[in-house]
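Worksheet: the structure to be examined is printed underneath.
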Amino acid sequence: QVQLVESGGGLVQPGVSLTLACVFSGRDFDSYAMGWFRQAPETERSFVAAITWHGREYYGDSVKGRFTIARDNGKNTVYLQMNSLKSEDTAVYYCAGLLQGKRIGTDAYMQDCSYDAWGQGAQVTVYS
C-alpha cells in the first residue's frame with residue numbers, strides 16, 4: 001500500500017517562497033511519476049506540476065516560471081518549490097503518484113484521474 005504525506009505548507013505574504021515536500025511510503029517509488037495538484041475553495045482540483053521517473057517536468061500554465069518540481073529517489077520524496085507566491089496560489093496542495101508501466105500521453109500527467117495514490121493535502125495561504 002502506498003501512502004503519501006505532504007508537509008511544508010503555511011501562511012505567507014505575496015512574493016514569498018515556500019517548498020512543499022511529499023514523502024512516499026511504499027515500494028517502487030522510482031517507478032512512479034509524481035504530481036502536485038491544488039484545490040481552492042469552491043473550485044475543481046487543478047494540475048500544478050508533475051515529474052516522471054526519469055525527471056521530465058510538466059507545469060500548469062499558471063505556475064510556469066515560478067514553481068519547480070523535483071524528486072529525490074534516495075529519500076522517496078518529491079518537492080514543490082514555489083516562488084513569487086500570489087494570492088491566487090492559495091489552495092490545498094495535494095501530492096499524487098502515478099505508476100508508470102507504459103508510455104502515456106503528455107496530457108495524462110495533467111489529469112487527476114490518472115493518478116493512483118494521493119496525499120491528504122497541505123494548506124498554502126497567501127495574503128497581503
Practice problem: Could you please spell out the steps behind the side-chain contact (heavy atoms from CB on, under 4.5 Å) verdict for Ser31 and Leu99? | Solution: CA-CA 6 Å; Ser31 295; Leu99 182 61; 4.0 Å; yes

Exercise. Check whether any side-chain heavy atom of Leu11 lies under 4.5 Å from a side-chain heavy atom of Tyr127, and answer yes or no.
Key: yes

Quiz prompt | CA sep, side-chain torsions, deciding dist, call: Gln13, Ser128, side-chain contact (heavy atoms from CB on, under 4.5 Å) | solution = CA-CA 5 Å; Gln13 294 183 337; Ser128 299; over 6 Å; no

Quiz item: Listed by chain and number, what are the salt bridge (Lys or Arg N to Asp or Glu O under 4.0 Å) partners of Asp28, not counting sequence neighbours?
Solution: none

Quiz item: Under the side-chain contact (heavy atoms from CB on, under 4.5 Å) criterion, do Leu80 and Glu6 qualify, and how do the steps go?
Solution: CA-CA 10 Å; Leu80 182 69; Glu6 303 96 334; over 6 Å; no

Quiz item: Say you draw a straight line from OG of Ser84 to CZ of Phe67; how long is it, rounded to the nearest 0.5 Å?
Solution: 9.0 Å

Quiz item: Tell me, do Val124 and Thr90 make a side-chain contact under 4.5 Å, heavy atoms counted?
Solution: no

Self-check item: Smallest separation among heavy atoms of Leu20 and Gly9, with atom names
Solution: CD2-N, 3.4 Å

Quiz prompt | Aromatic ring proximity Phe29/Trp53, centre distance under 6.0 Å | solution = no

Quiz item: When rounded to the nearest 0.5 angstrom, what distance separates CG in Asp30 from NE2 in His54?
Solution: 13.0 Å

Quiz item: At their closest point, which heavy atom of Tyr32 faces which heavy atom of Gly97, and how far apart are they?
Solution: CD2-C, 3.8 Å

Self-check item: Where Cys22 and Leu4 come nearest, the two heavy atoms and their spacing
Solution: SG-CB, 3.8 Å

Practice problem: Work out which heavy atom in Gly119 is nearest to a heavy atom in Tyr94; give both atom names and the distance. | Solution: O-CD2, 3.5 Å

Quiz item: Hey, is Arg66 close enough to Asp89 for a salt bridge, meaning N to O under 4.0 Å?
Solution: yes

Practice problem: Treating Ile, Leu, Val, Met, Phe, Trp and Tyr as nodes and any side-chain heavy-atom pair under 4.5 angstrom as an edge, say whether Met82 and Val126 lie in one connected cluster. | Solution: yes

Exercise. Would you confirm whether the ring centroid of Tyr59 sits within less than 6.0 angstrom of the ring centroid of Phe47?
Key: no

Quiz prompt | All side chain to side chain contact (heavy atoms under 4.5 Å, CB included) counterparts of Thr43, not counting sequence neighbours | solution = Gln39, Ala40

Quiz item: Would Trp118 and Val2 show up in the same hydrophobic cluster when neighbours are defined by side-chain heavy atoms closer than 4.5 Å?
Solution: no

Quiz prompt | Student check: side-chain heavy atoms of Val48 and Tyr93 closer than 4.5 Å | solution = yes

Quiz item: Of all residues at least two apart in sequence or in a different chain, which pass the side chain to side chain contact (heavy atoms under 4.5 Å, CB included) check with Ser7?
Solution: Ala21

Self-check item: From Ser46 atom OG to Asp61 atom CG, the distance as rounded to the nearest 0.5 Å
Solution: 11.0 Å

Quiz item: Who pairs with Glu88 by side chain to side chain contact (heavy atoms under 4.5 Å, CB included), at least two apart in sequence or on another chain?
Solution: Lys86

Quiz item: Where do Ser114 and Ala108 come nearest, in terms of heavy atoms and distance?
Solution: OG-O, 2.7 Å

Quiz item: Among the clusters formed by ILVMFWY side chains lying less than 4.5 Å apart, do Met34 and Ile104 turn up in the same one?
Solution: no

Quiz item: Do we see a donor-acceptor contact under 3.5 Å between the side chains of Thr125 and Gln123?
Solution: yes

Quiz item: Regarding Asp72 and Thr77, is there a side-chain donor-to-acceptor distance under 3.5 Å anywhere?
Solution: no

Exercise. Decide yes or no for Ser25 and Val5: does some side-chain heavy atom of the first lie under 4.5 Å from some side-chain heavy atom of the second?
Key: no

Quiz prompt | Least distance between heavy atoms, Tyr115 atom then Ala50 atom | solution = OH-CB, 3.6 Å

Quiz item: About how many Å separate CE of Met110 and OH of Tyr58, when rounded to the nearest 0.5 Å?
Solution: 7.0 Å

Quiz item: Taking atom types as modelled and ignoring hydrogens, do the side chains of Glu57 and Tyr109 form a donor-acceptor contact shorter than 3.5 angstrom?
Solution: no

Self-check item: Under the side chain to side chain contact (heavy atoms under 4.5 Å, CB included) test, residues paired with Thr19 that sit two or more places apart
Solution: Tyr79, Gln81

Quiz item: By salt bridge (Lys or Arg N to Asp or Glu O under 4.0 Å), which residues pair with Asp107, not counting sequence neighbours?
Solution: none

Quiz item: Can you tell me how far the CD atom of Gln120 sits from the CD atom of Gln3, to the nearest 0.5 Å?
Solution: 8.5 Å

Quiz item: In Å, rounded to the nearest 0.5 Å, how long is the span from CH2 of Trp36 to CD1 of Ile69?
Solution: 8.0 Å

Exercise. For the pair Arg71 and Thr52, evaluate side-chain hydrogen bond (donor to acceptor under 3.5 Å, both in side chains) and give the outcome as yes or no after the intermediate values.
Key: CA-CA 9 Å; Arg71 66 190 297 158; Thr52 68; over 6 Å; no

Self-check item: Stepwise side-chain contact (heavy atoms from CB on, under 4.5 Å) test for Leu18 and Leu85
Solution: CA-CA 8 Å; Leu18 276 180; Leu85 282 163; 4.1 Å; yes

